[in-house]
Structure formats: C-alpha cells, structure tokens
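Since the model is a prediction, treat every value here as computed from it, not as a measurement. All chains are named by letter (A, B, ...) in the order of the sequence lines, taking the proteins before the strands, and each is independently numbered beginning at 1.
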There are 2 protein chains.
Amino acid sequence: MNDEAYNAYSFLLDRTARRVKQYAQQRFKEQGFDITVDQWLVMKHLYKQEDRKQNELAELLFKDNPTLTRIIDLLCDKGLTERKPHPEDRRSFIVSLTRAGEKKVEQLKPKMKEVRAKAWEGLSERDFHQFKKVLNTIYQNLS
Amino acid sequence: MNDEAYNAYSFLLDRTARRVKQYAQQRFKEQGFDITVDQWLVMKHLYKQEDRKQNELAELLFKDNPTLTRIIDLLCDKGLTERKPHPEDRRSFIVSLTRAGEKKVEQLKPKMKEVRAKAWEGLSERDFHQFKKVLNTIYQNLS
DNA sequence: CATCAATTATTAGTACAACAACTATTTTTA
DNA sequence: TAAAAATAGTTGTTGTACTAATAATTGATG
C-alpha cells in the first residue's frame, strides 16, 4: 500500500471518531442532558458495577489518571457521583453513582442506543466484526 | 445487533483514534520534532498546495475555524507558516509555509510514513477497503 | 526496621475540540 | 443603492488528552 493510503486511513479514522462523539454530544444537548459523552461513559461503567477505584475506571476507559480525576471532579460537582475513602488503601477513593446519577443513566441509556443505531445504519453484523478486528489490530500494533 | 455491540464499536473507534494520534506524537517527540500531529497535517496540506485560505484548510481537515486559527497561530509563532493578506478579500488571509516550514515537512515525511505503516502491520489491502467503507458510512450516517 | 521504590491521585501547563458570540467585510435582495 | 444576510476570521469558555511534577501512602529490600 502506498503512503497516501496510509495517510488516508488515519485521517478517516480521526475524522469519524470526532464525528461520532460530536453527534452524540449534540443529541445530549438537544435533550437538555447537561453532560458530556466522556462523563456518560464513566457513569455507564459505574452503573454496571458500582464501587470502582479511579485507576480501575481509567484502565477500563483507556484514559489516564489526570483525565479521570477531572471527569470525576465535574461529575461530583453535578452531584452525579461521589468519592468515598477506600477502606484498605488511604491513597485511593471509591467512586460511585449517587441516586441522581443512577436516574441520569436510566434516562440516557435509550437515547444513547438511538445514537449508536443511527451511526450503524446500513451496516451488517459482518461489517461490525471486520471493523472491530481492524481497530483492535491497529491498537495492538501501536501498544 | 444488541446494545452492547453498538457501544463497543464507538468505544473502540475512539480508543484507536486516540492511540494512533498518541503514537505519532510520541515518535515526533523522540525525534525532537517540536510539532504536534495536527500542526503536521496543516503543514502537509500547505506543502502539497501552497496558498490556502484558512477556511479552505479547515474544510480539508474537517476542523472548525477557531481550531484552525489557533493551529495557524502556533505554526506562525514557530516561524513555520505565515499569513499574507488575500488580494481580493480583505476578510481572508492566505496561509503558506516559510522556508523553515518546507524544510520541516521534508524532514518529517519519511518519519510519518514509518509511523503510519506500523499501525497497519498485519492487515491486508482488503481489510483497508472494508475499514474505509465502514468509516465513511458512519460518517455519512451522522452528517 | 529503615530506606528506597512503586502506586494513587492531584495539580500545572500546553494543545485540540466544540460551541457561542463578535468584528469586519462582502454579497444578496428589496 | 441601502438594508439585510452571509462569510472569514478571531476571541472566550468548557472539556478532554498528554506530559511532567508532586504529595501521600504502600510495598519491597537491605
């Protein structure tokens, strides 16, 4: 494959990832959900399994600790999550959803489903598997 | 396809796009190239065809005008690009590479080629076409 | 046990992403 | 042609990404 093709795929990758995030963000805003896509991802993980240390969350989401710290700060400011001291390690915090946070997740789940489905229109299960394979291969090549 | 699968693709997409940018950025840093990936993309376009208006550049790169303004500001601060007044439209500027900017592009081109090739290791031409198809479909679905 | 190394979370600084609002022009249209 | 609309670029603000540096704590090694 020639140079231009290599450049082309990485350009498309970046462009599409930005578009997906932007689209979801716009839908959130339309609905008056006062939250960002990244904040949503953190909340969704906490909903599935509460009581996460920040660095566990960071690992799950492939974000670094400083980024997580700030996202959690904002979520706590909004009253959607809270930090509790870790019982065995005083360096750590356990992050969990508040009642308001849980309600928010339940509100947003169906909306996110629509957004995801919209992006995937006209594509098949087979496309999905192939797509996933390529994304994972690229990720591993660069790790 | 179920909800979790939809969530998975967008997560992987975002994660991989971040990894690709991060990887290129690290290689730049190793080589002592004092430039970011986005700044590189702007310079590459200016090298291919000089004399671009800022909004033409923005359109080519699918970035918005404020983002371009700031990238150009930084490149001008580094002496790699310059703004000249547009001869026919006093609202516009023509952006072009300086001599130093041209040299920089020539230095970085082969390095970028390596970086891109690394990401694509173990994938075929067919994978690439399929991947491109999915990316473009998603992009268009959300436009 | 004392020291050194590793880990958890934070803060600071720079850059990009997206949106809104604004200035200065140019183009449209009434 | 005068007023309204559109366009080019900038500035301000918020949020995320990455790096480096730091404080507090824990774990490992001598």
Are there any protein N/O atoms within less than 3.5 Å of an N/O atom in nucleotides 25-28 of chain C, and if so, which ones and at what distance?
| unit_1 | atom_1 | unit_2 | atom_2 | d |
| --- | --- | --- | --- | --- |
| C:dT25 | O2 | B:Arg91 | NH1 | 3.3 |
| C:dT26 | OP1 | B:Arg90 | N | 3.1 |

B:Tyr23 side chain reached by B:Lys118 side chain, heavy atoms, under 4.5 Å
yes
Under a 4.0 Å heavy-atom cut-off, which of residues 22-41 of chain A touch DNA chain D?
A:Thr36, A:Asp38, A:Gln39
In plain terms, say whether A:Glu106 and A:Lys103 are close enough for a salt bridge, that is, a side-chain N and a carboxylate O under 4.0 Å apart.
no
Those residues that, when tested against B:Lys133, pass side chain to side chain donor-acceptor pair (under 3.5 Å) (two or more places apart)
A:Asp127
Rounded to whole Å, CZ of A:Arg18 lies from C1' of D:dA17 at a distance of 14 Å
Between C1' of C:dC16 and CG of A:Asp14, the distance in whole Å
10 Å
Short N-O contact, B:Glu30 and B:Arg27, less than 4.0 angstrom
yes
Output every pair passing salt bridge (charged side-chain N to carboxylate O under 4.0 Å, His left out) with a member in residues 134-143 of chain A, not counting sequence neighbours, ordered by first then second residue.
none
Where at least one partner belongs to residues 66-106 of chain B, residue pairs that pass ring-ring contact (aromatic ring centres under 6.0 Å, His included), sequence neighbours excluded:
none
Just so I know, are the side chains of A:Val105 and A:Lys109 near enough to count as touching, which here means a heavy-atom distance under 4.5 Å?
yes
Taking side chain to side chain donor-acceptor pair (under 3.5 Å) as the test, write out the residues that go with A:Asp89, two or more places apart.
A:Arg91
Quick note, ring-ring contact (aromatic ring centres under 6.0 Å, His included) partners involving residues 53-81 of chain A, not counting sequence neighbours, are A:Phe62-A:Tyr139, A:Phe62-B:Phe11
Can you sort out which residues in residues 134-143 of chain B have a heavy atom within less than 4.0 Å of DNA chain C? Ascending by number, please.
none
Residue pairs, two or more places apart or on separate chains, that pass salt bridge (charged side-chain N to carboxylate O under 4.0 Å, His left out) and touch residues 54-67 of chain B:
B:Asp38-B:Lys63, B:Arg52-B:Glu56
Which residues share a side chain to side chain contact (heavy atoms under 4.5 Å, CB included) with A:Thr81, sequence neighbours left out
A:Leu46, A:Ile72, A:Leu75, A:Cys76, A:Val95, A:Leu97
B:Tyr9 and A:Trp120 aromatic ring geometry - parallel, tilted or perpendicular at 30°/60° bounds:
tilted
In whole Å, what is the span from the CG atom of B:Leu75 to the C1' atom of C:dT14?
14 Å
Using whole Å, what does the distance between atom C1' of nucleotide C:dA24 and atom CG of B:Asn55 come to?
15 Å
Return the value, rounded to whole Å, for the distance between atom NE2 of B:His86 and atom P of D:dG9.
8 Å
Name all residues meeting the side chain to side chain donor-acceptor pair (under 3.5 Å) criterion together with A:Asn136; count only those two or more places apart in sequence or in a different chain, and write none if there are none.
B:Arg15
Close residues, residues 57-73 of chain A, relative to DNA chain C [heavy-atom separation under 4.0 Å]
A:Asn65, A:Pro66, A:Thr69, A:Arg70
Within this structure, what is the NZ-to-P distance between A:Lys21 and D:dG15, rounded to whole angstrom?
14 Å
If you look at every strand shown and take non-hydrogen atoms under 4.0 Å, does B:Arg83 touch a base, only sugar-phosphate, or nothing?
sugar-phosphate
